[in-house]
There are 2 protein chains.
Amino acid sequence: MDSKLYNEIQESFTNYLTEKKLRKTEERYAILEGVCAFTGHFDIVMLHNKIKEARYYVSKSTVYNTLEVLLDAGIVVSHQTSSQSVQYELKKYAEMHSHLFCTKCGSIREIKNAHIKGFLNAIKVPRFTPDFYSLYIYGTCSKCKNKIQREKKQIK
Amino acid sequence: MDSKLYNEIQESFTNYLTEKKLRKTEERYAILEGVCAFTGHFDIVMLHNKIKEARYYVSKSTVYNTLEVLLDAGIVVSHQTSSQSVQYELKKYAEMHSHLFCTKCGSIREIKNAHIKGFLNAIKVPRFTPDFYSLYIYGTCSKCKNKIQREKKQIK
DNA sequence: TTTACTGCAAATATTTTGCAATATC
DNA sequence: GATATTGCAAAATATTTGCAGTAAA
(Lines give C-alpha, C1' and ligand atoms only; values in the text may rest on other atoms or scores of the structure.)
Protein backbone atom coordinates (compact mmCIF):
# COMPACT_ATOMS: atom_id res chain seq x y z
CA MET A 1 0.00 0.00 0.00
CA ASP A 2 1.31 3.47 -0.79
CA SER A 3 2.13 5.51 2.27
CA LYS A 4 -0.16 8.37 1.31
CA LEU A 5 -3.23 6.13 1.51
CA TYR A 6 -1.90 4.49 4.66
CA ASN A 7 -1.45 7.84 6.39
CA GLU A 8 -4.94 8.85 5.36
CA ILE A 9 -6.44 5.69 6.84
CA GLN A 10 -4.39 5.98 10.01
CA GLU A 11 -5.46 9.57 10.45
CA SER A 12 -9.13 8.74 10.03
CA PHE A 13 -8.72 5.98 12.63
CA THR A 14 -7.13 8.43 15.07
CA ASN A 15 -9.96 10.91 14.49
CA TYR A 16 -12.51 8.19 15.07
CA LEU A 17 -10.86 7.09 18.33
CA THR A 18 -10.70 10.69 19.56
CA GLU A 19 -14.31 11.37 18.65
CA LYS A 20 -15.57 8.22 20.36
CA LYS A 21 -13.25 8.78 23.36
CA LEU A 22 -11.57 5.42 22.80
CA ARG A 23 -7.92 4.84 23.67
CA LYS A 24 -5.10 4.98 21.16
CA THR A 25 -3.26 1.78 22.02
CA GLU A 26 -0.20 0.28 20.33
CA GLU A 27 -2.23 -2.88 19.70
CA ARG A 28 -4.89 -1.02 17.73
CA TYR A 29 -2.34 0.59 15.45
CA ALA A 30 -0.44 -2.67 15.02
CA ILE A 31 -3.69 -4.33 13.92
CA LEU A 32 -4.49 -1.49 11.54
CA GLU A 33 -1.05 -1.95 10.00
CA GLY A 34 -1.77 -5.66 9.58
CA VAL A 35 -5.10 -4.87 7.93
CA CYS A 36 -3.39 -2.51 5.48
CA ALA A 37 -0.94 -5.22 4.47
CA PHE A 38 -3.78 -7.06 2.68
CA THR A 39 -4.91 -6.00 -0.77
CA GLY A 40 -7.82 -8.47 -0.76
CA HIS A 41 -9.98 -10.50 1.64
CA PHE A 42 -8.63 -11.77 4.94
CA ASP A 43 -10.00 -13.45 8.06
CA ILE A 44 -9.11 -13.22 11.75
CA VAL A 45 -6.51 -15.99 11.62
CA MET A 46 -4.77 -14.55 8.54
CA LEU A 47 -4.65 -11.15 10.18
CA HIS A 48 -3.37 -12.55 13.46
CA ASN A 49 -0.56 -14.32 11.58
CA LYS A 50 0.30 -11.25 9.54
CA ILE A 51 0.78 -9.25 12.75
CA LYS A 52 2.96 -12.00 14.22
CA GLU A 53 5.13 -11.88 11.09
CA ALA A 54 5.67 -8.19 11.80
CA ARG A 55 7.07 -9.30 15.17
CA TYR A 56 4.31 -7.73 17.20
CA TYR A 57 2.15 -9.87 19.45
CA VAL A 58 -1.54 -9.25 20.05
CA SER A 59 -4.03 -11.76 21.38
CA LYS A 60 -6.78 -13.12 19.18
CA SER A 61 -9.40 -11.53 21.47
CA THR A 62 -7.90 -8.14 20.79
CA VAL A 63 -7.95 -8.81 17.06
CA TYR A 64 -11.67 -9.64 17.34
CA ASN A 65 -12.34 -6.52 19.43
CA THR A 66 -10.38 -4.22 17.19
CA LEU A 67 -12.06 -5.49 14.04
CA GLU A 68 -15.39 -4.48 15.57
CA VAL A 69 -13.95 -1.02 16.12
CA LEU A 70 -12.58 -0.84 12.57
CA LEU A 71 -15.95 -1.94 11.18
CA ASP A 72 -17.71 0.74 13.18
CA ALA A 73 -15.13 3.28 12.08
CA GLY A 74 -15.97 2.41 8.47
CA ILE A 75 -12.36 1.46 7.71
CA VAL A 76 -13.08 -2.21 7.14
CA VAL A 77 -16.07 -4.08 5.69
CA SER A 78 -17.10 -7.71 6.08
CA HIS A 79 -18.11 -10.19 3.37
CA GLN A 80 -19.87 -13.49 2.92
CA THR A 81 -18.02 -16.19 1.08
CA SER A 82 -18.40 -19.94 1.24
CA SER A 83 -15.66 -19.85 3.90
CA GLN A 84 -16.71 -20.70 7.46
CA SER A 85 -15.07 -17.64 8.96
CA VAL A 86 -16.04 -14.01 8.42
CA GLN A 87 -14.00 -12.34 5.69
CA TYR A 88 -12.89 -8.73 6.00
CA GLU A 89 -11.52 -6.21 3.57
CA LEU A 90 -10.27 -2.63 3.68
CA LYS A 91 -13.21 -0.50 2.61
CA LYS A 92 -10.94 1.65 0.42
CA TYR A 93 -10.22 -1.46 -1.67
CA ALA A 94 -13.68 -3.00 -1.42
CA GLU A 95 -15.43 0.01 -2.92
CA MET A 96 -13.36 -0.33 -6.05
CA HIS A 97 -14.72 -3.67 -7.24
CA SER A 98 -17.57 -6.14 -7.55
CA HIS A 99 -17.22 -9.89 -7.01
CA LEU A 100 -17.71 -12.71 -9.49
CA PHE A 101 -18.44 -15.84 -7.49
CA CYS A 102 -18.36 -19.16 -9.34
CA THR A 103 -20.95 -21.46 -7.77
CA LYS A 104 -19.27 -24.53 -9.28
CA CYS A 105 -15.71 -24.16 -7.98
CA GLY A 106 -16.10 -21.41 -5.37
CA SER A 107 -13.53 -19.12 -6.97
CA ILE A 108 -13.93 -15.38 -6.52
CA ARG A 109 -12.77 -12.93 -9.14
CA GLU A 110 -12.84 -9.21 -8.58
CA ILE A 111 -13.86 -6.84 -11.36
CA LYS A 112 -13.46 -3.13 -11.53
CA ASN A 113 -16.09 -1.46 -13.62
CA ALA A 114 -16.68 2.27 -13.64
CA HIS A 115 -20.07 1.73 -15.26
CA ILE A 116 -21.29 -0.49 -12.39
CA LYS A 117 -19.77 1.81 -9.77
CA GLY A 118 -21.41 4.85 -11.33
CA PHE A 119 -24.80 3.16 -11.39
CA LEU A 120 -24.57 2.01 -7.78
CA ASN A 121 -23.52 5.43 -6.55
CA ALA A 122 -26.51 6.98 -8.28
CA ILE A 123 -29.07 4.72 -6.57
CA LYS A 124 -31.46 6.72 -4.40
CA VAL A 125 -33.46 5.05 -1.65
CA PRO A 126 -36.15 6.68 0.51
CA ARG A 127 -35.41 6.85 4.26
CA PHE A 128 -31.88 5.49 3.86
CA THR A 129 -28.47 7.15 3.39
CA PRO A 130 -26.19 4.85 1.36
CA ASP A 131 -22.50 4.78 2.11
CA PHE A 132 -21.07 1.68 0.53
CA TYR A 133 -22.13 -1.00 -1.99
CA SER A 134 -21.33 -4.68 -2.21
CA LEU A 135 -22.28 -6.47 -5.41
CA TYR A 136 -21.82 -10.21 -5.79
CA ILE A 137 -22.48 -11.76 -9.18
CA TYR A 138 -23.01 -15.51 -8.88
CA GLY A 139 -22.60 -17.73 -11.89
CA THR A 140 -20.21 -20.02 -13.72
CA CYS A 141 -16.62 -19.14 -14.58
CA SER A 142 -15.30 -20.03 -18.03
CA LYS A 143 -13.13 -22.87 -16.67
CA CYS A 144 -16.10 -24.64 -15.11
CA LYS A 145 -18.30 -23.94 -18.11
CA ASN A 146 -15.78 -25.55 -20.45
CA LYS A 147 -15.41 -28.51 -18.11
CA ILE A 148 -19.18 -29.08 -18.04
CA GLN A 149 -19.41 -28.91 -21.83
CA ARG A 150 -16.58 -31.44 -22.23
CA GLU A 151 -18.41 -33.80 -19.84
CA LYS A 152 -21.67 -33.47 -21.78
CA LYS A 153 -19.90 -34.37 -25.02
CA GLN A 154 -18.40 -37.48 -23.44
CA ILE A 155 -21.83 -38.68 -22.32
CA LYS A 156 -23.18 -38.29 -25.85
CA MET B 1 -46.08 -19.64 -0.48
CA ASP B 2 -48.52 -20.32 -3.26
CA SER B 3 -48.72 -23.95 -4.28
CA LYS B 4 -47.88 -23.26 -7.92
CA LEU B 5 -44.46 -21.89 -6.99
CA TYR B 6 -43.96 -24.66 -4.46
CA ASN B 7 -44.68 -27.35 -7.01
CA GLU B 8 -42.31 -25.71 -9.45
CA ILE B 9 -39.50 -25.70 -6.86
CA GLN B 10 -40.21 -29.26 -5.79
CA GLU B 11 -40.15 -30.40 -9.40
CA SER B 12 -36.83 -28.71 -10.09
CA PHE B 13 -35.41 -30.38 -6.97
CA THR B 14 -36.61 -33.77 -8.16
CA ASN B 15 -35.07 -33.17 -11.59
CA TYR B 16 -31.80 -32.15 -9.97
CA LEU B 17 -31.71 -35.26 -7.77
CA THR B 18 -32.43 -37.49 -10.76
CA GLU B 19 -29.80 -35.82 -12.90
CA LYS B 20 -27.13 -36.07 -10.21
CA LYS B 21 -28.20 -39.63 -9.34
CA LEU B 22 -28.92 -38.64 -5.74
CA ARG B 23 -31.62 -40.32 -3.68
CA LYS B 24 -35.08 -38.89 -3.19
CA THR B 25 -35.46 -39.26 0.56
CA GLU B 26 -38.34 -38.17 2.79
CA GLU B 27 -35.88 -36.04 4.78
CA ARG B 28 -34.83 -34.04 1.74
CA TYR B 29 -38.38 -33.18 0.84
CA ALA B 30 -39.27 -32.37 4.45
CA ILE B 31 -36.35 -29.94 4.53
CA LEU B 32 -37.36 -28.39 1.22
CA GLU B 33 -40.83 -27.84 2.68
CA GLY B 34 -39.28 -26.16 5.70
CA VAL B 35 -37.20 -23.92 3.45
CA CYS B 36 -40.30 -22.89 1.51
CA ALA B 37 -42.06 -21.89 4.72
CA PHE B 38 -39.69 -18.89 5.01
CA THR B 39 -40.31 -15.74 3.02
CA GLY B 40 -37.02 -14.17 4.17
CA HIS B 41 -33.63 -15.11 5.61
CA PHE B 42 -33.21 -18.13 7.88
CA ASP B 43 -30.34 -20.07 9.44
CA ILE B 44 -29.82 -23.75 10.20
CA VAL B 45 -31.34 -23.56 13.69
CA MET B 46 -34.44 -21.71 12.50
CA LEU B 47 -34.92 -24.24 9.73
CA HIS B 48 -34.41 -27.18 12.07
CA ASN B 49 -37.08 -25.76 14.41
CA LYS B 50 -39.48 -25.07 11.57
CA ILE B 51 -39.30 -28.72 10.49
CA LYS B 52 -39.86 -29.89 14.08
CA GLU B 53 -42.98 -27.70 14.23
CA ALA B 54 -44.26 -29.57 11.21
CA ARG B 55 -43.88 -32.73 13.35
CA TYR B 56 -41.18 -34.24 11.23
CA TYR B 57 -37.83 -35.02 12.76
CA VAL B 58 -34.54 -34.68 10.91
CA SER B 59 -31.10 -34.41 12.49
CA LYS B 60 -29.13 -31.21 12.29
CA SER B 61 -26.42 -33.01 10.28
CA THR B 62 -28.98 -33.84 7.64
CA VAL B 63 -30.13 -30.24 7.55
CA TYR B 64 -26.51 -29.17 6.95
CA ASN B 65 -26.05 -31.80 4.26
CA THR B 66 -29.28 -31.02 2.49
CA LEU B 67 -28.62 -27.28 2.45
CA GLU B 68 -25.41 -28.01 0.56
CA VAL B 69 -27.46 -29.96 -1.94
CA LEU B 70 -30.06 -27.18 -2.22
CA LEU B 71 -27.29 -24.60 -2.73
CA ASP B 72 -25.77 -26.71 -5.48
CA ALA B 73 -29.20 -27.21 -7.02
CA GLY B 74 -29.56 -23.43 -7.17
CA ILE B 75 -32.75 -23.51 -5.09
CA VAL B 76 -31.24 -21.69 -2.12
CA VAL B 77 -28.62 -18.95 -1.79
CA SER B 78 -26.51 -17.91 1.20
CA HIS B 79 -25.94 -14.44 2.60
CA GLN B 80 -23.58 -12.56 4.86
CA THR B 81 -25.11 -10.60 7.68
CA SER B 82 -23.62 -9.53 10.98
CA SER B 83 -25.09 -12.74 12.40
CA GLN B 84 -22.59 -15.42 13.44
CA SER B 85 -24.35 -18.18 11.51
CA VAL B 86 -24.73 -18.47 7.75
CA GLN B 87 -28.04 -17.10 6.51
CA TYR B 88 -29.93 -18.76 3.70
CA GLU B 89 -32.80 -17.71 1.48
CA LEU B 90 -34.90 -19.23 -1.27
CA LYS B 91 -33.32 -18.04 -4.52
CA LYS B 92 -36.76 -17.34 -6.01
CA TYR B 93 -37.28 -14.73 -3.29
CA ALA B 94 -33.71 -13.48 -3.16
CA GLU B 95 -33.67 -12.53 -6.84
CA MET B 96 -36.54 -10.16 -6.26
CA HIS B 97 -34.79 -7.71 -3.95
CA SER B 98 -31.66 -5.88 -2.84
CA HIS B 99 -30.69 -5.37 0.81
CA LEU B 100 -30.35 -2.16 2.76
CA PHE B 101 -28.06 -2.85 5.68
CA CYS B 102 -27.84 -0.22 8.42
CA THR B 103 -24.31 -0.22 9.82
CA LYS B 104 -25.46 1.56 12.98
CA CYS B 105 -28.21 -0.78 14.21
CA GLY B 106 -27.68 -3.84 11.99
CA SER B 107 -31.22 -3.79 10.62
CA ILE B 108 -31.79 -5.17 7.14
CA ARG B 109 -34.50 -3.83 4.88
CA GLU B 110 -35.33 -5.40 1.54
CA ILE B 111 -36.16 -3.27 -1.46
CA LYS B 112 -37.66 -4.30 -4.74
CA ASN B 113 -36.60 -2.13 -7.61
CA ALA B 114 -37.17 -3.05 -11.23
CA HIS B 115 -34.63 -0.43 -12.27
CA ILE B 116 -31.84 -2.05 -10.22
CA LYS B 117 -32.88 -5.54 -11.30
CA GLY B 118 -32.89 -4.52 -14.94
CA PHE B 119 -29.45 -2.98 -14.68
CA LEU B 120 -27.97 -6.02 -12.95
CA ASN B 121 -29.41 -8.44 -15.47
CA ALA B 122 -27.89 -6.44 -18.29
CA ILE B 123 -24.33 -6.60 -16.88
CA LYS B 124 -22.00 -8.46 -19.23
CA VAL B 125 -18.72 -9.90 -17.97
CA PRO B 126 -16.02 -11.56 -20.09
CA ARG B 127 -15.33 -15.23 -19.31
CA PHE B 128 -18.20 -15.49 -16.83
CA THR B 129 -21.85 -16.55 -17.13
CA PRO B 130 -23.95 -14.70 -14.55
CA ASP B 131 -26.88 -16.44 -12.96
CA PHE B 132 -27.84 -14.50 -9.85
CA TYR B 133 -27.06 -11.12 -8.26
CA SER B 134 -26.77 -10.08 -4.66
CA LEU B 135 -26.62 -6.37 -3.93
CA TYR B 136 -26.06 -5.04 -0.43
CA ILE B 137 -26.31 -1.32 0.16
CA TYR B 138 -24.65 -0.35 3.44
CA GLY B 139 -25.49 2.92 5.10
CA THR B 140 -27.62 4.56 7.77
CA CYS B 141 -31.36 4.04 8.16
CA SER B 142 -33.57 7.04 8.88
CA LYS B 143 -34.15 5.99 12.51
CA CYS B 144 -30.43 5.97 13.28
CA LYS B 145 -29.82 9.13 11.30
CA ASN B 146 -32.46 10.99 13.31
CA LYS B 147 -31.04 9.62 16.56
CA ILE B 148 -27.54 10.84 15.65
CA GLN B 149 -28.84 14.30 14.78
CA ARG B 150 -30.72 14.57 18.08
CA GLU B 151 -27.55 13.61 19.96
CA LYS B 152 -25.52 16.25 18.12
CA LYS B 153 -28.02 18.93 19.05
CA GLN B 154 -27.88 17.94 22.71
CA ILE B 155 -24.09 18.30 22.76
CA LYS B 156 -24.35 21.79 21.32
C1' DT C 1 -5.96 8.13 39.67
C1' DT C 2 -9.46 6.25 36.96
C1' DT C 3 -11.06 2.96 34.04
C1' DA C 4 -10.69 1.29 29.16
C1' DC C 5 -8.12 -2.17 27.18
C1' DT C 6 -5.42 -6.44 26.88
C1' DG C 7 -4.52 -11.36 27.25
C1' DC C 8 -5.63 -15.59 28.99
C1' DA C 9 -8.62 -19.35 29.87
C1' DA C 10 -12.99 -21.08 29.83
C1' DA C 11 -17.56 -21.08 27.83
C1' DT C 12 -20.49 -21.03 23.98
C1' DA C 13 -21.78 -21.47 19.21
C1' DT C 14 -21.25 -23.32 14.76
C1' DT C 15 -19.90 -26.67 11.52
C1' DT C 16 -17.63 -31.02 10.18
C1' DT C 17 -16.50 -35.82 10.60
C1' DG C 18 -16.63 -40.95 11.56
C1' DC C 19 -19.41 -44.65 11.72
C1' DA C 20 -23.22 -48.00 12.53
C1' DA C 21 -28.00 -48.50 11.21
C1' DT C 22 -31.31 -47.75 7.65
C1' DA C 23 -33.73 -46.91 3.38
C1' DT C 24 -33.42 -45.93 -1.67
C1' DC C 25 -32.56 -47.66 -5.99
C1' DG D 1 -28.14 -56.51 -2.52
C1' DA D 2 -25.26 -52.49 -3.04
C1' DT D 3 -24.45 -48.28 -1.27
C1' DA D 4 -26.06 -43.44 -0.46
C1' DT D 5 -28.07 -41.30 3.31
C1' DT D 6 -29.34 -40.62 8.05
C1' DG D 7 -28.61 -39.69 13.00
C1' DC D 8 -25.77 -39.72 16.73
C1' DA D 9 -21.75 -38.52 19.22
C1' DA D 10 -17.42 -36.64 19.15
C1' DA D 11 -14.12 -33.52 17.07
C1' DA D 12 -12.84 -29.39 14.98
C1' DT D 13 -13.40 -24.65 14.31
C1' DA D 14 -15.01 -20.00 15.30
C1' DT D 15 -16.45 -16.55 18.39
C1' DT D 16 -17.72 -14.57 22.93
C1' DT D 17 -17.21 -13.82 27.77
C1' DG D 18 -15.28 -13.06 32.57
C1' DC D 19 -11.77 -11.30 34.96
C1' DA D 20 -7.19 -9.91 36.82
C1' DG D 21 -3.37 -7.16 35.43
C1' DT D 22 -1.76 -3.22 32.65
C1' DA D 23 -1.48 1.15 30.52
C1' DA D 24 -3.79 5.38 28.34
C1' DA D 25 -5.84 9.57 29.59
Side-chain angles (χ1 to χ4, degrees), chain A residues 10 13-35 41-52 54-73 76 78-88 106, chain B residues 10 13-35 41-52 54-73 75-88 106:
Chain A
Q10 203 185 42
F13 189 40
T14 300
N15 290 341
Y16 171 86
L17 293 173
T18 304
E19 221 169 87
K20 292 269 178 169
K21 297 199 171 91
L22 299 174
R23 292 184 180 171
K24 296 164 196 78
T25 66
E26 265 191 70
E27 286 83 357
R28 283 178 174 159
Y29 285 97
I31 291 165
L32 180 65
E33 236 175 83
V35 164
H41 293 186
F42 59 87
D43 63 20
I44 295 279
V45 173
M46 290 162 75
L47 177 56
H48 195 224
N49 289 335
K50 181 72 84 180
I51 298 163
K52 266 187 214 157
R55 313 240 171 255
Y56 192 88
Y57 181 79
V58 280
S59 70
K60 229 177 239 179
S61 311
T62 301
V63 179
Y64 274 104
N65 284 336
T66 304
L67 272 173
E68 286 305 306
V69 177
L70 290 169
L71 279 170
D72 191 64
V76 154
S78 65
H79 287 287
Q80 161 78 343
T81 67
S82 51
S83 156
Q84 57 278 35
S85 57
V86 178
Q87 300 285 118
Y88 299 92
Chain B
Q10 203 186 43
F13 189 40
T14 300
N15 290 341
Y16 171 85
L17 293 174
T18 305
E19 221 167 86
K20 292 268 178 171
K21 297 196 172 93
L22 299 174
R23 291 182 179 172
K24 296 166 197 74
T25 66
E26 266 191 68
E27 286 83 357
R28 284 180 173 157
Y29 285 97
I31 292 166
L32 180 65
E33 235 175 82
V35 164
H41 293 186
F42 59 87
D43 64 20
I44 295 279
V45 174
M46 290 162 75
L47 177 56
H48 194 224
N49 289 335
K50 181 72 82 179
I51 298 163
K52 264 186 215 157
R55 314 239 170 255
Y56 191 88
Y57 181 79
V58 279
S59 71
K60 231 177 238 177
S61 312
T62 301
V63 178
Y64 274 103
N65 284 336
T66 304
L67 271 173
E68 285 305 305
V69 177
L70 289 169
L71 278 171
D72 190 64
I75 290 171
V76 154
V77 296
S78 65
H79 287 287
Q80 161 76 343
T81 68
S82 52
S83 156
Q84 57 277 33
S85 56
V86 178
Q87 300 286 118
Y88 299 91

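Because the structure is a prediction, the values reported are computed rather than measured. In what follows, chains carry the letters A, B, and so on, assigned in the order in which the sequence lines appear, proteins first and then strands, with residues in each chain numbered from 1.
A perpendicular orientation is assigned to the rings of A:Tyr29 and A:Phe13, their planes being inclined by more than 60° (bins at 30° and 60°).
For A:Arg28 and C:dC5, the shortest distance from a side-chain N or O to OP1 or OP2 is below 4.0 Å.
Mapped onto DNA chain C by nearest heavy atom, B:Asp43 and B:Leu22 fall at different nucleotides, with B:Asp43 at the one closer to the 5' end. Sequence order on DNA chain C of the closest nucleotides to B:Val45 and B:Lys24 puts B:Val45 first from the 5' end.
In A:Lys60, the NZ atom is not crowded: 12 or fewer heavy atoms of neighbouring residues, nucleotides or ligands sit closer than 6.0 Å.
As rounded to whole Å, 13 Å separates atom P of C:dC25 from atom NZ of B:Lys21. Taking atom CD of B:Glu26 as the reference point, atom P of C:dC25 lies 11 Å away to the nearest angstrom. We find that CD of A:Glu27 is positioned 12 Å from C1' of C:dA4, with the value rounded to whole Å.
The distance from atom NE2 of A:His41 to atom OG of A:Ser85, rounded to the nearest 0.5 Å, is 12.0 Å.
Inter-residue side-chain proximity for B:Thr18 and B:Lys24 is flagged as met; some heavy-atom pair is nearer than 4.5 Å. Proximity of A:Lys20 to A:Val69: side-chain heavy atoms (C-beta onward) are nowhere separated by under 4.5 Å.
Not one N or O on the side chain of A:His48 forms a donor-acceptor pair closer than 3.5 Å with the backbone of A:Asp43.
The stretch residues 54-68 of chain B comes close to DNA chain C through B:Ser61, B:Tyr64, each having a heavy atom under 4.0 Å from the strand.
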Its dot-bracket string being built from Watson-Crick and G-U pairs below 3.5 Å, with | for another strand and [ ] for crossing, DNA chain C has the pattern |||||||||||||||||||||||||
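Checking B:Tyr56 against B:Glu33 by side-chain atom types alone, no donor-acceptor pair falls below 3.5 Å.
Of all the heavy atoms in B:Val63 and B:Val58, the pair that sits closest is CG2-CG2, 3.9 Å. When every heavy atom of A:Val86 is checked against every heavy atom of A:Ser78, the shortest pair comes out as CG1-CB, 3.9 Å. Closest of all the heavy-atom pairs between B:Leu67 and B:Ile44 is CD1-CD1, 3.2 Å.
Of the residues B:Thr25, B:Ile31, B:Leu32, the one that meets the side chain to side chain contact (heavy atoms under 4.5 Å, CB included) test with B:Arg28 is B:Thr25.
For DNA chain D, the contact window with chain A, defined by any atom under 4.0 Å from a protein heavy atom, covers D:dA14 to D:dA25 in 5' to 3' order.
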